[in-house]
Each structure stands twice: as structure tokens, then as C-alpha cells.
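Along the sequence shown, residues are numbered consecutively beginning with 1.
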Amino acid sequence: MNDFQPDPAASRISHRHIEVFRAVMTAGSVTGAATLLYTSQPTVSRELARLEQLLGYALFERVQGRLRANARALLLWDEVQRSWHGLERVIDRAQELGRPQGAHISVLCLPALSHALLPGALARLYAQHGPVSASVATQEGPLLQEWMSAQRFDLGLTEQGDAPPGTRSQPLPAMDEVAVLPAHHPLAAKALLQAEDFADQPFISLARDDPYRQQIDACFAAAGVQRRLPLETHSAVAVCAMVQHGLGVAIVNPLTARACAGPQLVVRPLAFSVPFQVHLLLPLHRPSDMAVQWLADALMQESRHLAQTQV
């Protein structure tokens, strides 16, 4: 015969009742549960009895003054443990978010900037605030603008000055494009290159629709310099790789040039200016963590340093 009658107001089972049940199961006794909960033994007994009354069935057998969990209690215990672990994860996450290491930044940038500017800025961020979790996605111009407008990322890096809808743009310090040459090329002996130095040279170009390609072509046209144009590509990194293999000379942005410089590739400044500038894109309608501003500051510092130390 079941001594417990279900209470129609079962919704009155509270977190406190579950907390008492968990403490009894963990400690193995009412006395131990009272110690865990910083309360009295009669209070634990009363709350436990109330839980059983609300449920309409017993959870424990009383054997010689001690509690022994029955089959229903063990099944409930499994569920309580799963839920409790989930709650502990929530609490841990809430506390983690209060620490720099708990922040997470999603960045969208041009492929060239993911290896030529962003790593140095992340190193500065780590040095100032400790490790901050970040995910970096790369995309070319049109889709980059579209994804930033859709508020899909915390921060964007682009070469375009116009902010797409739903974002604001912040310019980083401007620099000049530079020449990249095979290490043993005759022009590598010069400290500064004039437009005339590129006359009749095999010249590796960016794609025809690239705005920097158009500026570079305009400079050579104004100087009346003819180059040989055997190769072109959308990627400044690919341009540098071709230069490293001796396929020609080129003009690229100073960030990619610096990242690719080495035994097979040298960088030289130009006597004429082709301005290069990176812009931060920040979404206007996406919740922002303080770490996003930390990264924006680090990008500004890194860009300023690179501009000051440009060849």
C-alpha cells in the first residue's frame, strides 16, 4: 500500500527540494546533507518528506533509522546529476565570461590580412590582456562587405573605405605600396626604385579589376613606362610567391610584402606613391564584447608600428 498521495499542485516542487534530494544522495544521510547545505537535520527531513508528498511516492526506505535510496530515487538521481552538471557548466561559463580568456571574437578579413596584419595584432592583444579566443574567417571584397552588413562577425578588415550598410568604418594608418623583387635581381641593388626602373621588366600584376592594379598601371602610364605583363592574379600572396621563383618583379601592399620577405624575396620602397590603407569594419547592430575593442586597439597599434618601420 502506497502511503504517499500525489499532490495536485506538483508544480510546487522547487529547486530547493531537488537540492535537498541531491545533498541526501551525495552525503548518504540526512545529517550529512544538513552539513552540505549549512542547515539543520530537521529542516532536511522536512524538505525531503515534502518532496515525497508532492511526488506521490517514496524515494527512500527507512531502515533502522537510516535512509536507503529505492529504484525510483536512483533513476531520479541519474537525471539530477545530468541536469546539475549542465547547471555547473552554465555557472562556469558565466564566470569565464568575466575573464579576458572567456571572451570570443569572430573576425572576417581579406585573405592577405589574415597572415600579414592580424597575427601581429593578436600577439599584442595577448601581451596586453592574455589569451582571448578568436576565430578568423577570410573572404574577398564583395562577400566580406555583405557578411559584415549581415552582422555575422564582430570585426572586419578590408581595403575598402566605404562602410557597408549596418557597419561603421575606422581607418588604420596609411602606408605606401612597395616593390618586391627576386633576391638576386639587378634592381635589388638599388635602395629606391623609380618608375623607369621597371621598363621592359617582366611584371607580375594583380587582377585587372583590382583597384590597386589600376592605380599602379596609371602611375606607369603617366611616366610613359612600358612593362611586360606575363602573369596576373587576384592574390598579393600569389604575386609574392611568383616573385620568389624569379618569374618577375611586382608591386604589392607593404603588409604582404613584409610577411613574404626572406632569402628569396626582397622589398624596396618606391620613389612614387601608391597609397595603401586598411579599414576596420564594426557592426552597428551586433552585441559587442570589450575584447573586440581590445583587438581594434591592437590592430591600430600594429598598423602604426608597421607604418613607422616601413622600408
Side-chain angles (χ1 to χ4, degrees), residues 106-121 135-150 152-153 155-164 167 169 171-172 174-182 185 193 195 198 201-221 225-262 264-268 270 272-281 299 303 306 310:
S106 58
V107 180
L108 180 66
C109 66
L110 295 172
L113 301 180
S114 68
H115 79 100
L117 172 64
L118 190 56
S135 59
V136 179
T138 60
Q139 188 53 263
E140 295 294 346
L143 274 179
L144 186 150
Q145 306 281 95
E146 181 181 327
W147 288 2
M148 288 304 301
S149 286
R152 290 176 57 179
F153 293 85
L155 184 147
L157 287 173
T158 180
E159 294 173 1
Q160 307 234 352
D162 295 334
T167 71
S169 176
L172 297 179
M175 292 172 265
D176 279 324
E177 299 255 313
V178 294
V180 286
L181 314 165
H185 193 281
L193 297 183
F198 293 87
Q201 292 287 338
F203 191 94
I204 303 167
S205 289
L206 295 166
R208 293 179 185 275
D209 59 352
D210 187 286
Y212 289 103
R213 159 74 181 271
Q214 294 166 8
Q215 291 183 59
I216 292 166
D217 287 352
C219 288
F220 285 116
V225 173
Q226 295 292 322
R227 300 156 294 155
R228 289 184 283 139
L229 306 175
L231 297 167
E232 64 180 44
T233 175
H234 278 282
S235 166
V237 175
V239 169
C240 290
M242 294 176 188
V243 171
Q244 286 174 330
H245 283 79
L247 298 175
V249 299
I251 294 174
V252 296
N253 74 78
L255 302 179
T256 300
R258 182 188 292 257
C260 294
Q264 296 176 297
L265 181 145
V266 297
V267 181
R268 294 292 182 267
L270 300 168
F272 54 98
S273 176
V274 181
F276 172 80
Q277 190 164 42
V278 176
H279 295 260
L280 293 178
L281 292 179
L299 283 161
S303 295
L306 292 174
Q310 186 175 359

For atom [atom1] of [X], is the number of surrounding heavy atoms from other residues, nucleotides or ligands below 6.0 Å larger than 12?
X    : atom1 : value
Q214 : CD    : yes
D162 : CG    : no
H234 : NE2   : no

At what distance, to the nearest 0.5 angstrom, does [atom1] of [X] lie from [atom2] of [Y]?
X    : Y    : atom1 : atom2 : result
Q215 : S273 : CD    : OG    : 8.5 Å
L255 : L118 : CG    : CG    : 11.0 Å
T158 : L108 : OG1   : CG    : 9.0 Å
M175 : L306 : CE    : CG    : 5.5 Å
Q160 : L144 : CD    : CG    : 8.5 Å
L280 : S303 : CG    : OG    : 7.5 Å

With sequence neighbours excluded, residues passing side chain to side chain contact (heavy atoms under 4.5 Å, CB included) with [X]:
X    : value
P119 : none
A150 : R152
P211 : none
H115 : V237, T256, A259, C260

Handout entry: Side-chain (Q277) to main-chain (L172) donor-acceptor, under 3.5 angstrom
Key = yes
Identify the heavy atoms of [X] and [Y] that sit nearest to each other, and give their distance.
X    : Y    : answer
A121 : L299 : CB-CD2, 3.4 Å
R227 : S205 : NH1-OG, 4.4 Å
E159 : L110 : CG-CD1, 3.5 Å
L281 : Q145 : CD1-OE1, 3.7 Å
C109 : V136 : SG-CG1, 4.1 Å
V178 : P254 : CG2-CA, 3.9 Å

Practice task
Applying side chain to side chain contact (heavy atoms under 4.5 Å, CB included), run through N253 and V278 and close with a yes or a no.
Solution key: CA-CA 10 Å; N253 74 78; V278 176; over 6 Å; no
Handout entry: Residue pairs involving residues 229-246 (criterion salt bridge (Lys or Arg N to Asp or Glu O under 4.0 Å); sequence neighbours excluded)
Key =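 Residue pairs with at least one partner in residues 229-246: R208-E232, R213-E232.
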Practice task
Step by step, work out the side chain to side chain contact (heavy atoms under 4.5 Å, CB included) result for L270 and D176.
Solution key: CA-CA 8 Å; L270 300 168; D176 279 324; over 6 Å; no
For a 4.5 angstrom cut-off between non-hydrogen side-chain atoms, does [X] reach [Y]?
X    : Y    : answer
L231 : I204 : yes
L181 : L193 : yes
H185 : Q201 : yes
L265 : C240 : yes
Y212 : I251 : no
L247 : P202 : no

Problem - side chain to side chain donor-acceptor pair (under 3.5 Å): pairs with one or both residues in residues 243-252, sequence neighbours excluded - result: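 Sorted result for residues 243-252: empty, none.
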Handout entry: Partners passing side-chain hydrogen bond (donor to acceptor under 3.5 Å, both in side chains) against S135 (at least two apart in sequence or in another chain)
Key = H104
Exercise for the section: Taking side-chain hydrogen bond (donor to acceptor under 3.5 Å, both in side chains) as the test, write out the residues that go with T138, two or more places apart. Expected result: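 With neighbours one apart ignored, the set is empty.
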Handout entry: Contacts of F220 that satisfy ring pair (Phe, Tyr, Trp, His ring centres under 6.0 Å) - sequence neighbours left out
Key =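 Expected list: F198, F203, F272.
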